[in-house]
There are 2 protein chains.
Amino acid sequence: MPASPLFRRIDVAPAYQKVADAIEREIVSGRIKPGDPIGTELELVRQFGVNRSTVREGIRVLEEGGLLWRDSSRRLQACLPRYNKLATRLSRALVLHEVTFRELFEVSMTLEIASTECAVERATEEDIAELADNLARSEQVIADPAALAECDADFHVLVAKASHNRVLQLAREPAAQLFFPTTEMIVSHGAQGATRLVEAHRHLLEAIRRRDKAAGVQWTRRHLQDWRRGFERIASLDRSVEHMYMEHAQAVRRK
Amino acid sequence: MPASPLFRRIDVAPAYQKVADAIEREIVSGRIKPGDPIGTELELVRQFGVNRSTVREGIRVLEEGGLLWRDSSRRLQACLPRYNKLATRLSRALVLHEVTFRELFEVSMTLEIASTECAVERATEEDIAELADNLARSEQVIADPAALAECDADFHVLVAKASHNRVLQLAREPAAQLFFPTTEMIVSHGAQGATRLVEAHRHLLEAIRRRDKAAGVQWTRRHLQDWRRGFERIASLDRSVEHMYMEHAQAVRRK
DNA sequence: CAAATCTACTTTGTCCGACAAACTGATAAA
DNA sequence: TTTATCAGTTTGTCGGACAAAGTAGATTTG
C-alpha cells in the first residue's frame, strides 16, 4: 500500500470524448455561434492531431446532442438544439421509465394552466391570429378524429408559444408528446367529445383575446378534465405509457 | 421535368444511423430490457454486416442518447436514460437559447409549487426523514454559502422526489439546474439570506409533515420570492442565463 | 485445499490507408 | 444563357493493424 498518493489521477477520457468536449466547449461558451462552420473532418483531424475515425466518433456525439448538424452539402455547422428533438428524447425516457398517465396528466394540468395564464397576459395579435386559424381548421375537420387530434396538439403548442416563455414551451413538450396522442382515441370513442374539444378551444381563445385570465384557466382546466373523463372511459389512469406511443413519436420525428 | 414519379424515394440513411435505429428499436420496444447486454462490437459487426467503425459510430449515438452505456468492464448494456443527464442537455439548450431568469423563475415557481402540493399529499416517512436530514445539514453549513446552496438544490430535488411523480421530477430539473446555482451568489450577498432560506425549508418540511397543503404552497412561494428579491439586488431578471452556469453544470456532471 | 500468480485470449480505443459516391466550382460547348 | 464536362473535395464505408486493459483458465505456492 502506498504511503500517500504522490500524484493526482490523470484524465484518461477517450480521445473521441475529448474531441466532443472541446467542440462543445467552444459552442456553449459562445466562441462558436450557431450557424458557424466547424470545418471539414480533415481540418479537425489536423487540429486535434487524432485519426479521422476518432474525430467522427466525437462528431456523432455532438450531432446526436443537437449541437452540430450537417447542412444540405453535409458540411458541419454549429446549431441551436431544437426543442422538438430534445423533447422526443425525453418522451422516450418517460416511456422507458413506464410513467403512468396519472403522472402525465398531473404535470400537464399544471403546465397547460401556467401556459394559458402567460398567454392571456402576453399573446400578440399574431399569436391570436394563429390560434384563430387553428380553431377554424379544427371546425373543418371536426369529424376526422386523427386530424382533430393533430389540431388539438398544435393548439396547445400555439398557446405555449403565446406565453412567450421558452422554458415553459420546453418543459411542457415531453409530457404533451405522450399525452396528446391519446386524444384521437378519446375523440373517436365518445360521442360529443369532438364538439366539446372545439368548444373548449373556442372559449380558450376568446379568453386570451379578452385578456380574461380566470376564464382562460377555467376552460383549460375543463378541457383537460374532459380528456381525463374520456380517457378513463377507455383505460385506467394508472396504466403506464406504452411503447405504442413511442413508435408514434418516432414516425413523427422522421417525417 | 419527369411527368410523374415512377419510383419512391429510396431510403438512404447512412449505415451508422441504421445501426443506431435498429438497436434503439429493440430497446424502446422492450425486447431488450435495461441491463441486458448488447454484445461486443465484433458481434454487432457480424450481425449487421458492416464495418466496426460504422458500428462504433452507431453506438456513440445511442450512448450519448443514454440508451446504452458501458459497464465497469466496458461491455455494452442497455440502460434507462438517466433524468440527470437529459436535464443537463436541456439546461445546455436553454443557455444557448439565451433564456432569461424571468422565464426560469416563472416556470420554477409553477413547478416547485406543484411539487410541494404533491409532496404534501404523498410524502412517505422515508421522504420526510431524508428532508429532515437535509435540513439538519443545512443548519450546520449555514455560514458556508457554497455548501448551503448545494443543500438547497438537494432539498428541492428531495421535495420533487417526495411528489412521487417522475414526470414532475424530470420537468423541473432543467430549470432548477440553471436556477439554483445562483443561490450561492444570493446567500453570500444579502445578510439574512441564509437564515431565511433555512427557515423556509423548516416550515416547508413542517407543512409536509403535517400534510398542510396551504402552508406548503405558501412557504414555497415565499421561499422563491426571497430568491427573486435577492437576485434582483444583484442583477436584472431579464438578463439571459449565462455561459458561466453551463460551465458549472459541466463540472458537476463530470464528477 | 485455498490463495496468489502467470499466461493466453478477447475486447476496446486508436490508427492507417483506401475507395466509391456525392458535392463543388470552374471551364468548355451548344 | 443554359448545358455538359471534368478535376478536386468531402463524406461514408471498408479492411486491417496494434497497444492497453480486461477476462478466464492454468499453474504455482503457501
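Each chain gets a letter, A, B and so on, in the order its sequence line appears, and its residues count up from 1. On a predicted model such as this, the values are computed, not experimentally measured, just so you know.
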Please enumerate all residues that pass side chain to side chain contact (heavy atoms under 4.5 Å, CB included) together with [X], with sequence neighbours excluded.
X        : answer
A/Leu170 : A/Tyr83, B/Leu90, B/Leu94
A/Glu173 : A/Ala87, A/Val157, A/Gln177
B/Arg31  : B/Glu26, B/Ser29
A/Val61  : A/Ala20, B/Arg60, B/Glu64

Using a heavy-atom distance cut-off of less than 4.0 Å, which residues of residues 39-47 of chain A contact DNA chain D?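 The answer is A/Thr40, A/Glu41.
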
With ring pair (Phe, Tyr, Trp, His ring centres under 6.0 Å) as the rule and sequence neighbours excluded, what pairs involving residues 21-54 of chain A come up? none

Report the residues that fulfil side chain to side chain donor-acceptor pair (under 3.5 Å) with [X], sequence neighbours left out, ordered by chain and then residue number.
X        : value
A/Gln77  : A/Trp69
B/Asp127 : B/Thr124, B/His164
A/Arg70  : A/Glu41
B/Glu106 : A/Arg122, A/Asn165

Given side chains that start at C-beta, do those of B/Leu148 and B/Asp152 come closer than 4.5 Å, heavy atoms only?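 No, side chains not in contact.
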
Its contact letters, B for base, S for sugar-phosphate only and - for none at protein heavy atoms under 4.0 Å, make nucleotides 13-22 of chain D read BBB-B----S

Chain B on DNA chain C: first and last contacting nucleotide, 5' to 3', under 4.0 Å to a heavy atom?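 Endpoints of the contacted stretch of DNA chain C: C/dT11 to C/dT14.
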
